[in-house]
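Here's the structure we're looking at; comments come further down.
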Amino acid sequence: MVQRVCIENRKDPAVTMRTTSRDLPELLRPDGAPVRVLVVDDEPDLVEVLSVVLRHEGWEVRAASDGAAAVSVAREFRPDAVLLDVMLPDIDGIKVLRLLRAEAPHVCVLFLTARDAVEDRVAGITAGGDDYVTKPFSLEEVLARLRGLLRRSGMARTSEGSRLAVGDLMMDEDAREVTRGGELVELTPTEFELLRFLMRNPRRVLSKPQILDRVWSYDFGGQAHVVELYISYLRKKIDAGRPPLIHTVRGVGYVLKP
């Protein structure tokens with residue numbers, strides 16, 4: 001059971017939250033680490049209350065009060081999601097979004113805006129924002145939208161069970177079974193571990209050194225060709241005769257995505 005704190009924010013009428021206790025599964029990054037959220041707003045009270053609630057979700061939180069700081073923090077923090085105010089003192093939120101996406105194309109962005117005109121909402125979504133909430137908003141709504149964005153994007157998964165899914169590719173980690181389109185795929189132990197690492201990081205480009213370190217647990221001393229070899233094995237079993245899921249990013253590494 002995930003307990004929700006009761007927060008009464010008298011300073012900021014833009015935020016409301018009811019006392020609640022709900023059975024919600026913990027949301028984690030695909031690799032099992034806590035979700036990372038960057039909160040960008042120039043209202044300190046709002047940032048504080050949002051940060052408290054997000055940390056009670058078990059997530060890691062960083063904050064920035066302007067656009068330049070947001071880009072700098074994101075470069076080091078590498079967030080999975082960003083709560084981004086449209087009206088910032090130096091750079092408007094839409095420009096900040098473009099700068100963030102230039103370095104992290106798949107980061108989820110939820111706009112916080114006091115503007116309720118249709119054209120402002122359309123501008124935010126057209127610029128690449130995933131969703132928006134209009135002030136005043138409830139923290140329950142922000143949490144619900146964030147959780148939905150993270151799940152749909154593949155940037156996070158629930159802690160319940162041991163099943164991973166990317167498109168029609170399914171993995172039961174406990175049973176060590178893999179299926180593609182409902183058909184069982186037989187894998188060697190090394191192939192299974194390689195695929196599990198890819199499936200726990202969907203849409204993330206993984207370099208050969210990262211894969212060597214995580215799957216083989218030590219540095220092969222430059223023998224990165226072993227990764228290429230096992231990727232080719234996986235492709236023959238996972239992608240043969242089907243739309244490819246394993247993609248090569250030339251000069252960088254590999255990514256698993258529909």
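Just so it is clear, the model here is predicted, and its values are computed rather than measured.
Each of V205 and V166 belongs to its own hydrophobic cluster when Ile, Leu, Val, Met, Phe, Trp and Tyr are linked at side-chain heavy-atom distances under 4.5 angstrom. L194 and V255 sit in two unconnected hydrophobic clusters of ILVMFWY residues. Membership requires side-chain heavy atoms under 4.5 Å apart, directly or through other members.
Taking each heavy atom of G67 and D90 in turn, the nearest pair found is N-OD1, 2.8 Å. Between F197 and L206, the closest heavy-atom pair is CE2-CD1, 3.8 Å. Heavy-atom minimum distance, V61 versus R55: O-NH2, 3.3 Å. Taking each heavy atom of L150 and A81 in turn, the nearest pair found is CD2-CB, 4.0 Å. Across all their heavy atoms, L38 and F77 have their closest contact at N-CE2, 4.3 Å.
Rounding to the nearest 0.5 Å gives a distance of 12.0 Å between OG1 of T134 and CZ of F111. Rounding to the nearest 0.5 Å gives a distance of 13.5 Å between NZ of K257 and CD1 of I246. Note that CG of L245 is 8.5 Å distant from CE of M199, once rounded to the nearest 0.5 Å. Taking CG from D213 and CD1 from I211, the interatomic distance works out to 11.0 Å, rounded to the nearest 0.5 Å. Interatomic distance, L198 CG to I231 CD1, rounded to the nearest 0.5 Å: 5.0 Å.
In this structure, the side chains of V185 and I238 come closer than 4.5 Å at one or more pairs of heavy atoms. Looking at L212 and V227, their side chains come closer than 4.5 Å, going by heavy atoms from C-beta outward. Looking at heavy atoms from C-beta onward, L229 lies in side-chain contact with S232 at the 4.5 angstrom threshold. Looking only at side-chain heavy atoms (C-beta outward), F192 and V178 come within less than 4.5 Å of each other. Taking the side chain as every heavy atom from C-beta outward, L27 and E57 never approach each other to under 4.5 Å. A heavy-atom distance below 4.5 Å is not found between the side chains of L146 and C108. Between T248 and R235, some side-chain heavy-atom pair lies under the 4.5 Å cut-off. M171 has its side chain out of reach of T179: every pair of non-hydrogen atoms, C-beta onward, lies at least 4.5 Å apart.
D168 places no side-chain N or O within donor-acceptor distance of the main-chain N or O of G182, the cut-off being under 3.5 Å. Remark: the backbone N or O of A68 is not paired with any side-chain donor or acceptor of S72 at under 3.5 angstrom. Under the 3.5 Å distance criterion, the side-chain polar atoms of E48 are left unmatched by any main-chain donor or acceptor of D45. K208 contributes no side-chain N or O that, together with a main-chain N or O of G253, makes up a donor-acceptor pair within less than 3.5 Å. Side-chain atoms of R62 do not come within 3.5 Å of backbone N or O of A74 as any donor-acceptor pair.
For the side chain to side chain donor-acceptor pair (under 3.5 Å) test, residues two or more places apart in sequence or in another chain that qualify with D239 are R180. Residues satisfying the side chain to side chain donor-acceptor pair (under 3.5 Å) criterion with R78, sequence neighbours excluded, are absent altogether. When the side-chain contact (heavy atoms from CB on, under 4.5 Å) test is applied to D131, the partners found at least two apart in sequence or on another chain are L110, R145, L149. Considering only residues two or more places apart in sequence or on other chains, A69 meets the side-chain contact (heavy atoms from CB on, under 4.5 Å) condition with A64, D66. Every residue meeting the side-chain contact (heavy atoms from CB on, under 4.5 Å) condition with P34, not counting sequence neighbours, appears here in chain and number order: E60. Shown here are the side-chain contact (heavy atoms from CB on, under 4.5 Å) partners of P209, two or more places apart in sequence or in another chain: S207. Among residues two or more places apart in sequence or in another chain, the side chain to side chain donor-acceptor pair (under 3.5 Å) test is passed with R203 by none.
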Tabulate below the donor-acceptor pairs under 3.5 Å that side-chain atoms of residues 82-89 make, not counting sequence neighbours, or state none.
none

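Pairs passing the salt bridge (charged side-chain N to carboxylate O under 4.0 Å, His left out) check and including a residue from residues 102-113, sequence neighbours excluded, read R75-E103. Among residues at least two apart or in separate chains, ring pair (Phe, Tyr, Trp, His ring centres under 6.0 Å) pairs with a member in residues 233-258 are Y230-Y233. For the salt bridge (charged side-chain N to carboxylate O under 4.0 Å, His left out) condition, the pairs that include at least one residue of residues 242-255, sequence neighbours left out, are E183-R242.
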Audit row: Y132, L112, side chain to side chain contact (heavy atoms under 4.5 Å, CB included) steps and yes/no: CA-CA 6 Å; Y132 64 88; L112 307 177; over 6 Å; no

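Taking a cutoff of 4.0 Å between a charged side-chain nitrogen and a carboxylate oxygen, R176 and E193 qualify as a salt bridge. Using a 4.0 Å cut-off between a side-chain N of Lys or Arg and a carboxylate O of Asp or Glu, K135 and D41 qualify as a salt bridge. Salt bridge present: E173 and R196 bring a charged side-chain N and a carboxylate O closer than 4.0 Å. Salt bridge D80/R147: absent, no basic N to carboxylate O contact under 4.0 Å.
Membership of an apolar cluster is not assigned to M170, as no side-chain contact below 4.5 Å to another ILVMFWY residue is traced.
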